[in-house]
Amino acid sequence: MGKTLYDKVWDAHVVKHGEDADCLIYIDRHIMHEVTSPQAFEGLQLAGRKIWRASSVLATPDHNVPTVNRAQGMTDGIAALQVSTLVDNCRSNEIPFIGLDDARQGIVHVVGPEQGATLPGMTIVCGDSHTSTHGAFGALAFGIGTSDVEHVLATQCMVMKKSRNMLVRVEGTLAAGVTAKDLVLYVIGVIGTAGGTGHTIEFAGSAIRALSMEGRMTVCNMAIEAGARAGMIAVDDTTLEYLKDRPCAPVGADWDRAVEVWKGLYSDPDAVFERVVDIDASLIEPQVSWGTSPEMVLPVGGHIPDPAAESDPVRREAMTRALAYMDLAPLTPITAIAIDKVFIGSCTNARIEDLRAAARVVEGRRVASSVTLAMVVPGSGLVKAQAEREGLDRIFVAAGFEWREPGCSMCLGMNDDRLSPGERCAATSNRNFEGRQGSGGRTHLVSPQMAAAAAVSGRFVDARSFA
Amino acid sequence: MEKFTVLNGLVAPLDRANVDTDAIIPKQFLKSIHRTGFGAFCFDAWRHLDRGDIGVDPASRRENPDFELNKPRYRGSSILLARENFGCGSSREHAPWALGQYGIRVIIAPSFADIFFNNCFKSGLLPIVLSTTMVDRLFAQVEAEQGYRLKVDLEHKVLETPSGECIAFDIDAFRRHRLLNGIDDIGHTLLDADMIQAFERRHLAAMPWLSKRLAEAGA
């Protein structure tokens, strides 16, 4: 019987088959940030344990860092202590570290691939659920809690059971102006936020193959929003082109050998998936989330649903609660929803291609006067520099956007970038949970184009009308 | 890690699906570099009418009297009865830490998000999956009876209701063993250190590109 892509990467990393289906899985790359690591280092120190392979780690602060006035340092003392704890832990353990003053600093899930620290066939962990992003390279990548961060530091392994195989096959062509973000929001709308629980999702089909690496990362990033710890995409020429000459990618004869190995990273034709979901790409329109769970999503031409029409009581209650929190009435057209703030950023949509797409919509236009803040937060220092070389920063600033320093920023509002109670935001991030972007804040998840179009219109509009 | 054997505890209902980890422990508390001190902030936005933050005195907060866990009949609960996909969202282990430090040791739901489910066992919390029908029944019983308690017996994998009904639950043997004995995962894995080393030597020799170290700044 053939193997799936997931089977292949899993099998290549099994150190030991334990009892009760538990396996000891070797971890190639450990990515780290300031928020979920301090307690792990503390645990190691208390137990007198050493770090197994420090060079496997790549650490950079991203979650709580300021996106303005970097030169003056961090003014939030508690956040500053968390960042300096990461600096100290990396220094004393000889862990490769990218500091706030390093041009390469940024969101871990943007920096890893950019540095070629994410490679096909790797097992990759990070104390962050959006680690699924790296699966776009045919890697097995998933988020872990702090106890497992400590476990991987001490043993270079994870103890885990294998997930089931799930295939999301997206065939056909995305319409012009419809993006990877719309695709993945649509998939989550179809299968639900628990649709992939217990599974590793492989995204395949002609629409996935047609995506750039940036687009594939956007799709795998949100696998966790569909409940799957890991999302994966097979390796092809697009993958190899992206990786060639990245700092940590192999060179010379090693590159050739690696490519030979990587070319085997696809699901065999006779591989068996426990679950298959078929999606027709041509049906997908630009998406806008309307509720407090990523599965509460609609095409931009849609209307807010009516809980009264929902027969399942738990779902009806969830819809009613969501509409109350979002302050939306049933049957309101999506395009009638006015917004206060716009956030273009996050590990979902802060790569160069995302910024280019948003800039195209914004160019020659102005942020609507009713929008109190529109901000662009590049995913990394290198994305920021590239965008500036292309003049994108000037387009955004001329339109009235703020152009910030890289970090997670208003995706989760751990720094000063947050929504105030009642504010409504068009966000390119990944979660619309209650209070996610600031307590009482209301989040609508959209693509970069849709966020840009909302910024200049003051409400949601079909970004394709700006083409 | 604290052992878990038998718990006889008051049950509180949280009748909503997709309770996410941002709701369990909001982001502003994640700036702590410590493993403790999260209990006062568990379900912070739901439990309180004002916004909490690190450094705000818990005694000064205004409680939300409508939130289930604040109702007098559910004060001091150690068992949480919940709905589908409990613990979805972020990987923050601060979520089980906050629940545990608030006083919850057992969560019963029809399903859990994967990362949260795994994290629970590392913090001595026991997540129990029961059928939707059974969870519905428990919600009805908790609602109907003040002071409703369950006896959770991990050794025998059974819940006992106040009327004496026994409900069996499933848990994998290794996780049960570790919870029952409060065993440290890392120590257990390091028993296989030689095997890991042998694997690593082979693996990295065959694929040397896996072990390339990130260059220092300016290098």
Side-chain angles (χ1 to χ4, degrees), chain A residues 15-16 18-20 22 24 26 28 35-36 38-39 49 55 58 64 78-79 81-82 85 96 99 102 115 117 119 122 127-129 143-147 150-151 154-157 159 193-194 197-198 227 229 247-248 250 254 258 261 293 314 317-318 321 412-414 431 433-436 439, chain B residues 15-18 20 22-23 26-28 30-35 45 51 54-55 83-85 88-94 96 111-116 118-119 122-123 172-175 184-190 192-193 195-196 199-200 203 207-217:
Chain A
V15 175
K16 183 188 176 185
E19 354 164 3
D20 215 12
D22 277 304
L24 201 54
Y26 186 81
D28 294 315
V35 173
T36 55
Q39 297 89 349
R49 287 179 172 134
S55 64
L58 187 167
N64 73 24
I78 300 170
L81 175 62
Q82 203 169 42
T85 303
D102 188 315
Q115 293 300 319
L119 293 173
M122 272 185 167
D128 187 280
S129 60
I144 56 177
T146 298
S147 294
E150 184 178 339
H151 190 276
T155 70
Q156 209 60 39
C157 289
V159 178
T193 50
T197 303
R229 266 179 108 167
C248 292
D254 266 356
V261 174
S293 164
V314 174
E317 171 59 24
R321 248 190 89 81
L412 84 167
M414 271 193 76
R431 292 195 173 128
F433 299 157
E434 286 184 25
R436 169 80 178 179
S439 48
Chain B
D15 194 358
R16 48 187 87 170
N18 298 318
D20 59 74
D22 277 82
K27 88 295 268 34
Q28 62 268 34
L30 271 49
K31 288 190 275 191
S32 166
I33 58 169
H34 304 294
R35 206 179 269 260
R51 184 179 185 275
I54 293 183
R83 293 289 186 187
E84 290 81 6
N85 201 26
C88 61
S90 125
S91 65
R92 60 187 73 165
E93 199 162 319
H94 310 66
S111 61
F112 292 88
D114 289 339
I115 303 179
F116 176 83
N118 279 293
N119 283 343
K122 318 276 177 185
S123 313
D172 82 54
F174 187 48
R175 281 185 169 135
D184 170 353
D185 274 16
I186 297 177
H188 191 266
T189 298
L190 285 175
D192 291 321
M195 208 182 236
I196 299 170
F199 177 93
E200 182 173 63
H203 185 69
M207 292 177 278
W209 54 87
L210 293 177
S211 50
K212 204 159 161 182
R213 185 185 169 101
L214 183 83
E216 298 300 319

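Here is how names work: the chains are called A, B, and so on, in the same order as the sequence lines, proteins then strands, and each is numbered from 1.
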- Output yes when a side-chain donor or acceptor of K27(B) lies under 3.5 Å from a complementary backbone atom of L412(A), and no otherwise. yes
- Determine the option with the most heavy-atom pairs under 4.5 angstrom with chain A, choosing from N119(B), I54(B), D172(B), D15(B). D172(B)
- Message: Among residues at least two apart in sequence or on other chains, which ones pass side-chain hydrogen bond (donor to acceptor under 3.5 Å, both in side chains) with R51(B)?
- Response: S439(A), D53(B)
- Item | Leading residue by heavy atom contact count with chain B [cutoff under 4.5 Å; candidates H151(A), M122(A), K16(A)] | H151(A)
- Item | Nearest-0.5 Å distance, CD1 of residue I196(B) to CG of residue L24(A) | 5.0 Å
- Cut-off 4.5 Å, heavy atoms of chain B, and the answer for V35(A) is both
- Message: Is there a side-chain contact between V261(A) and W209(B) in this structure, where contact means two heavy atoms from C-beta onward sitting under 4.5 Å apart?
- Response: yes
- Task: Looking only at non-hydrogen atoms, find the nearest pair between I115(B) and G143(A) and report the distance.
- Result: CD1-O, 3.7 Å
- Check the side chains of E93(B) and T36(A) for a donor-acceptor pair under 3.5 angstrom, ignoring hydrogens and angles. no
- Message: At a heavy-atom distance under 4.5 Å, which candidate from S123(B), A113(B), A193(B) has the highest pair count against chain A?
- Response: A193(B)
- Query: When rounded to the nearest 0.5 angstrom, what distance separates CG in D185(B) from SG in C157(A)?
  - Reply: 12.5 Å
- Item | Heavy-atom contact with chain B under 4.5 Å, split by part of Q82(A) | both
- Query: With the threshold set at 4.0 Å, does a side-chain nitrogen-carboxylate oxygen contact exist between E150(A) and R35(B)?
  - Reply: yes
- Task: Check each atom of A117(A) against the heavy atoms of chain B and say whether the ones under 4.5 Å are side chain, backbone, both or neither.
- Result: neither
- Query: Checking heavy atoms, do the side chain of D192(B), its backbone, both or neither come under 4.5 Å from chain A?
  - Reply: side chain
- Query: Is chain A contacted by the side chain of N18(B), its backbone, both, or neither, given a heavy-atom distance below 4.5 Å?
  - Reply: side chain
- Considering only heavy atoms from C-beta outward, does the side chain of Q115(A) approach that of L214(B) to under 4.5 Å? yes
- Message: Using a 4.5 angstrom heavy-atom cutoff, name the option from S91(B), G187(B), C88(B) with the most pairs to chain A.
- Response: S91(B)
- Rounded to the nearest 0.5 Å, what separation is found between the CD atom of E84(B) and the OG1 atom of T193(A)? 10.0 Å
- Message: Could you check whether R229(A) pairs with D114(B) (Lys NZ or Arg NE/NH1/NH2 to Asp/Glu carboxylate O, under 4.0 Å)?
- Response: no
- Task: For the residue pair P208(B) and D254(A), establish whether any side-chain heavy-atom pair is separated by less than 4.5 Å.
- Result: yes
- Query: Tell me, side chain or backbone of A173(B) under 4.5 Å from chain A's heavy atoms, or both, or neither?
  - Reply: both
- Message: Among N85(B), N118(B), I33(B), L30(B), which residue has the highest count of heavy-atom pairs closer than 4.5 Å to chain A?
- Response: I33(B)
- Task: Below 4.5 Å from any heavy atom of chain A, which atoms of H94(B) appear? Answer side chain, backbone, both or neither.
- Result: side chain
- Query: Side chain, backbone, both or neither: which part of C248(A) has a non-hydrogen atom closer than 4.5 Å to chain B?
  - Reply: both
- Identify which of G89(B), P26(B), S211(B) forms the greatest number of heavy-atom pairs closer than 4.5 Å to chain A. G89(B)
- Query: Is there side-chain contact between K31(B) and M414(A), with at least one heavy-atom pair below 4.5 Å?
  - Reply: yes
- Task: Identify which part of F112(B) has an atom lying under 4.5 Å from any heavy atom of chain A, answering side chain, backbone, both or neither.
- Result: backbone
- Note on the structure: Honestly, the part of I144(A) sitting under 4.5 Å from a heavy atom of chain B is backbone
- Query: Can you check whether V159(A) reaches F174(B) side chain to side chain, under 4.5 Å on heavy atoms?
  - Reply: yes
- Query: How many angstroms lie between atom CD of Q39(A) and atom NE2 of H34(B), to the nearest 0.5 angstrom?
  - Reply: 8.5 Å
- Task: Give, for atom CG of D20(B) and atom CZ of R436(A), the distance between the pair rounded to the nearest 0.5 Å.
- Result: 8.5 Å
- D22(A) versus chain B, heavy atoms under 4.5 Å apart: side chain, backbone, both or neither? side chain
- Query: For A318(A), is it the side chain, the backbone, both, or neither that has a heavy atom closer than 4.5 Å to a heavy atom of chain B?
  - Reply: neither
- Query: Between Y26(A) and H203(B), what is the ring plane arrangement, given parallel below 30°, perpendicular above 60°, and tilted in between?
  - Reply: perpendicular
- Can you check whether E200(B) reaches Q156(A) side chain to side chain, under 4.5 Å on heavy atoms? yes
- Task: Check each atom of T85(A) against the heavy atoms of chain B and say whether the ones under 4.5 Å are side chain, backbone, both or neither.
- Result: side chain
- Message: Tell me if a side-chain donor or acceptor on K212(B) pairs with a main-chain N or O of S55(A) at a distance below 3.5 Å.
- Response: no
- Query: Going through the distances and angles, do R431(A) and S90(B) end up as a side-chain contact (heavy atoms from CB on, under 4.5 Å)?
  - Reply: CA-CA 9 Å; R431(A) 292 195 173 128; S90(B) 125; 3.4 Å; yes
- Top contributor to chain B contacts, counting heavy-atom pairs under 4.5 Å, from G198(A), P247(A), G99(A), G227(A): G198(A)
